[in-house]
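Below is one structure, written out as structure tokens; comments come after it.
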Amino acid sequence: MNNTIKILKTIFYLELAVALAIVVLYESDVLPAGCFTQHSTSEFVLLTVMELLTVILIPLALRLFKFKKIAADLSERKQAALARWGTIRIEMLAMPLLANTLLYYLYMSTTFGYMAIILLICMVFIYPSKDKCYFETRDQEE
């Protein structure tokens, strides 16, 4: 179990490091910020898509382990299921976080930035730790 948690933590921190690297590169003027500000049509389309993705994926990722099929898989296959579903859960929030961070700097639209901040806050609630492995404590009680 510890190995699976370490892998999930590595994925978790790697995604946050990539987002931080994007911020550092744009804030230090290594990459040019706002290079797509004139493309209002593409900004509108991307903004709509990212808002929908963000609004749908946040509750889905936060409740992913509560779905009956996934909870049963976590109880049966334990580590393999935790590695699979834990990675999916992290990526459900990390990919839109990275996209929103990048789009914020490309379009300099604060809406992308706000969505990235909301996703970053939500990442705290899916932090992989041994304490959250509810199926392991259930097995100890039985």
Side-chain angles (χ1 to χ4, degrees), residues 1-28 30-37 39-142:
M1 183 60 61
N2 288 335
N3 192 31
T4 305
I5 298 296
K6 286 180 185 177
I7 291 169
L8 291 175
K9 283 183 180 181
T10 303
I11 294 169
F12 184 86
Y13 286 124
L14 186 64
E15 297 289 353
L16 293 180
V18 171
L20 182 63
I22 292 170
V23 171
V24 168
L25 287 173
Y26 277 103
E27 290 295 329
S28 62
V30 172
L31 296 174
C35 55
F36 290 152
T37 54
H39 303 287
S40 59
T41 305
S42 64
E43 179 183 356
F44 173 75
V45 171
L46 286 170
L47 191 60
T48 303
V49 169
M50 291 311 297
E51 283 175 348
L52 289 172
L53 276 175
T54 302
V55 167
I56 291 169
L57 288 177
I58 287 174
L60 188 62
L62 294 177
R63 298 208 28 94
L64 187 68
F65 288 177
K66 301 287 184 186
F67 295 125
K68 291 179 184 177
K69 183 177 178 182
I70 296 171
D73 191 28
L74 287 169
S75 295
E76 292 170 13
R77 297 188 314 129
K78 296 188 185 355
Q79 289 184 7
L82 180 63
R84 177 182 178 201
W85 292 111
T87 302
I88 290 171
R89 186 182 200 190
I90 291 169
E91 295 301 326
M92 286 172 75
L93 294 181
M95 287 298 137
L97 170 67
L98 294 175
N100 279 319
T101 304
L102 185 61
L103 290 170
Y104 167 72
Y105 284 106
L106 291 176
Y107 289 98
M108 293 309 293
S109 173
T110 56
T111 308
F112 290 119
Y114 292 141
M115 287 189 291
I117 291 169
I118 291 167
L119 286 160
L120 183 63
I121 292 169
C122 290
M123 292 286 286
V124 173
F125 296 105
I126 63 162
Y127 179 76
S129 68
K130 192 171 183 178
D131 297 336
K132 292 183 181 178
C133 295
Y134 68 94
F135 54 84
E136 188 171 282
T137 57
R138 186 185 307 164
D139 289 344
Q140 291 173 355
E141 290 173 0
E142 294 175 353

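Values below: all heavy atoms of this structure, side chains included; hydrogens, waters and symmetry mates excluded. The first residue in the sequence is number 1, and the count goes up from there.
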Heavy-atom closest pair, residues P59 and I56: CD-O, 3.5 Å
Identified side-chain contact (heavy atoms from CB on, under 4.5 Å) partner of M92 from the options I126, L60, I58, L53: L60
Salt bridge (charged side-chain N to carboxylate O under 4.0 Å, His left out) partners of R84, counting only residues at least two apart: none
Side chain to side chain contact (heavy atoms under 4.5 Å, CB included) partners of S42, counting only residues at least two apart: H39, Y107
Contact summary for V18 and L98, nearest pair of heavy atoms: CG1-CD2, 3.7 Å
S129 vs I5 side-chain heavy atoms within contact, under 4.5 Å: no
side-chain contact (heavy atoms from CB on, under 4.5 Å) between Y26 and T101, worked out: CA-CA 10 Å; Y26 277 103; T101 304; over 6 Å; no
From CD (E27) to CG (L20), nearest 0.5 Å: 11.0 Å
Test side-chain contact (heavy atoms from CB on, under 4.5 Å) applied to Y127 and K9, step by step: CA-CA 7 Å; Y127 179 76; K9 283 183 180 181; 3.3 Å; yes
Side chain to side chain contact (heavy atoms under 4.5 Å, CB included) against A99, all qualifying residues, sequence neighbours excluded: M50
Candidate pair M115 and L47, rule side-chain contact (heavy atoms from CB on, under 4.5 Å), full reasoning: CA-CA 10 Å; M115 287 189 291; L47 191 60; 4.1 Å; yes
Considering all heavy atoms, the nearest L93-A61 contact: CG-CB, 3.8 Å
L102 CG to I22 CD1 distance, which is reported to the nearest 0.5 Å: 5.5 Å
Partner set under ring pair (Phe, Tyr, Trp, His ring centres under 6.0 Å) for F44, not counting sequence neighbours: none
OG1 on T110 to OH on Y104, rounded to 0.5 Å: 7.5 Å
Neighbour count above 12 (heavy atom, 6.0 Å) for R77 CZ: yes
Set of residues satisfying side chain to side chain donor-acceptor pair (under 3.5 Å) with respect to Y114, sequence neighbours excluded: none
Separation of L97 CG from I118 CD1 (nearest 0.5 Å): 11.5 Å
Candidate pair L8 and W85, rule side-chain contact (heavy atoms from CB on, under 4.5 Å), full reasoning: CA-CA 10 Å; L8 291 175; W85 292 111; over 6 Å; no
Close side-chain approach of N100 to I117, heavy-atom, < 4.5 Å: no
Residue pair I90 / P128: nearest heavy atoms and the distance that separates them: CD1-CG, 4.3 Å
Euclidean distance, K66 NZ relative to L74 CG, rounded to 0.5 Å: 11.0 Å
pair V23-Y105: side-chain heavy atoms closer than 4.5 Å: yes
Partners passing side chain to side chain donor-acceptor pair (under 3.5 Å) against E51 (at least two apart in sequence or in another chain): none
Reported CZ-to-CZ distance for the pair F65 and R89, which is rounded to 0.5 angstrom: 5.0 Å
